[in-house]
Every structure is written in structure tokens, then in C-alpha cells.
Amino acid sequence: MKIATYNVNGIKARLPRLLEWLDETKPDIACLQELKSSDETFPEADIRGAGYGAIWHGQKGFNGVAILARGVDPVEIQKGLDGEPEDDHSRYIEADVMGLRVASIYLPNGNPQPGPKFDYKLRWMKRLQERASAILAEEVPAVLAGDYNVIPTDEDVFSVQAMQDDALMQPESRAAFRTLCYQGWTDAIRTRHPTGQVWTFWDYQMRGWERDAGFRIDHLLLSPQAADRLVDANVDREYRGREKASDHAPTWVTLRD
DNA sequence: ATGGCTTTAAAATAAAGA
């Protein structure tokens with residue numbers, strides 16, 4: 001089965017591209033981020049028309065996450081993360097679907113750093129670590145998929161110099177991501193592609209796509225019970241080059257049934 | 001050295017992204 005993550009950067013603006021991608025690549029499960037849509041304006045009928053059940057956690061203007069499943073309805077486990085009741089950003093949704101635990105994650109960007117947005121990013125990562133640890137304790141096949149807004153290593157960015165002051169690759173951001181992995185989560189893309197450039201994002205600015213100036217920030221972390229079933233992982237790069245594309249490309253894993 | 005683009009919200013600009 002194929003599980004994908006796709007930061008759509010506005011589900012209304014991206015709807016033709018999203019429906020086309022679902023039809024052409026037929027992921028069993030698709031985790032979406034940056035819906036930029038309230039709960040009420042989520043295009044449920046179009047998603048159903050494409051053959052997918054869905055749950056979502058929307059927000060007007062920005063953020064927003066969803067989990068789509070081919071032919072079935074995901075069973076919601078929770079929306080949002082514990083530990084900061086005043087946090088009203090829609091960045092996390094978790095479900096049971098097709099025998100897997102799946103989370104769709106939109107981790108805070110954190111720029112500019114230092115500053116309150118970076119502090120919020122690090123607090124959010126700590127809260128994610130706590131939830132991820134609880135999921136591991138259940139010993140179930142699980143996939144934490146999403147836009148982590150973390151460039152894990154210098155090999156995951158087109159230019160270390162250009163990005164050195166960015167929140168995405170600060171030592172604190174990387175340490176928090178490593179802590180998550182060291183709990184027992186497997187970074188699926190790096191397992192299948194141990195070295196080299198595997199970009200998932202190209203900035204709209206500075207002709208990022210044309211220069212192939214990208215970085216790797218969309219990740220699928222597998223619990224041991226899911227990692228044992230890992231067959232392949234890759235990026236649907238081609239969709240970044242299409243008309244009215246998101247600045248992220250769909251990123252996916254396949255697991256043995 | 002800096003900004004260069006895109007989406008949303010909302011009515012002209014501003015926030016947010018990364």
C-alpha cells in the first residue's frame with residue numbers, strides 16, 4: 001500500500017492538481033497540509049467524487065491538515081497535540097485507517113529566528129515527541145507523515161550558506177528531529193535513498209524549481225512495525241513542474257500488505 | 001545586500017510561508 005504526504009499550499013487553489021494526482025498515482029492514504037481552508041469550505045464532495053473518504057482539521061486563511069483514504073473513511077483518533085491548550089493552530093490530525101495509525105503533520109515554520117515563532121516551533125516539536133512516544137508504546141504500524149519544516153542534515157539542502165540562518169536548519173530544530181527519530185522512528189526517504197539530493201520543496205522565489213534549488217522537509221517517519229514492511233519511498237517530483245503547482249511535491253512510501 | 005513568488009482575506013494592502 002502507498003501512503004503519501006502532500007503540502008498542497010491551499011486546497012481550493014490546488015484542487016485540480018490534487019484530483020489529478022489522486023487519479024494518476026492512486027495513493028491508498030494521502031496526508032495533506034496547508035489546506036488554508038476552514039472546516040466548512042473543505043471540498044468534501046470533490047474528494048468523495050475522486051473515491052476518497054476524508055477527515056480534516058481546517059483553519060481560515062492558513063494551516064489546516066487532512067487525511068484521505070481510498071474507498072474508506074479514516075477513523076479519527078485526535079486533532080491537535082496536548083500540552084498547550086491556548087494553541088489554536090490546526091497542525092495535527094491522527095487516525096486509524098487500513099490497519100495503520102496515521103498522522104498528518106504541519107510543523108511550524110519557525111521563522112524568523114530567534115524569536116517567538118521559533119520558540120513556538122521548538123515547543124511544538126517537544127509536544128510532538130510526547131505524542132510520538134505514546135504511539136510507539138502501542139506497538140502498532142504507524143506513519144507520521146507531513147511537512148516537518150526541518151532540513152535534517154546539510155545534505156538535505158541545495159545551499160547550506162543560503163539557508164544557514166533559517167529556522168529549518170538550526171541546530172535546535174535538527175536536534176529535536178533527531179530526538180524523534182531516536183525514539184525508534186525510521187526516516188523512510190533516507191532509508192531508501194541513503195545519500196544524495198532528494199528534494200521535496202522548491203521555493204516559488206529565486207526561480208527555485210528552474211535552478212533545482214530545493215530541500216528535503218517533507219518526511220514520513222515509520223514505527224518499527226511499519227518499517228519492517230517498507231518496500232519503497234520517493235518523491236513525485238514531476239508535479240512540482242506542472243501549471244499552478246504547490247511549492248512542495250508529493251512524497252510517499254509503499255509498505256507490504 | 002536585497003528581493004525576486006504565491007495564497008488567503010478582503011477590498012488596498014498585509015500576513016504567512018520557508
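Lettering follows sequence order; numbering is per chain, from 1. Values below: all heavy atoms of this structure, side chains included; hydrogens, waters and symmetry mates excluded.
Taking atom C1' on both B:dA1 and B:dA14, the two are 24 Å apart, rounded to the nearest angstrom. Rounded to a whole angstrom, the distance from the C1' atom of B:dA16 to that of B:dA10 is 16 Å. B:dT2 and B:dT13 have their P atoms separated by 26 Å, with the value rounded to a whole Å.
Remark: the A:K121 side chain and the A:N149 side chain contain no N/O donor-acceptor pair separated by less than 3.5 Å. For A:Y204 and A:N9, the side-chain atoms include at least one donor-acceptor pair closer than 3.5 Å. A:Y239 and A:E24 share a side-chain donor-acceptor pair at under 3.5 Å. Side-chain atoms of A:D218 and A:N7 form no donor-acceptor pair, as typed in the model, at a separation below 3.5 Å.
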Nucleotide-resolved protein contact map, nucleotides 10-18 of chain B, B/S/- at heavy-atom distance under 4.0 Å
S-----SSB
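Ring to ring, A:F62 and A:H89 are close: their centroids are under 6.0 angstrom apart. Taking the six-membered ring for Trp, A:Y6 and A:W21 have ring centres closer than 6.0 Å.
Between the P atom of B:dT2 and the CD atom of A:Q161 lies a distance of 13 Å, rounded to the nearest Å. Computed from coordinates, the A:K12 NZ to B:dT6 C1' distance equals 15 Å when rounded to whole Å. Distance CG (A:L35) to C1' (B:dT8): 13 Å, rounded to an integer number of Å.
Across all strands, A:K121 comes closer than 4.0 Å to no nucleic acid atom at all (heavy-atom distances). Residue-level contact check: A:R207 touches neither bases nor backbone, having no heavy atom under 4.0 Å from any strand.
Nearest-nucleotide positions on DNA chain B place A:M206 closer to the 5' end than the other of A:I11 and A:M206.
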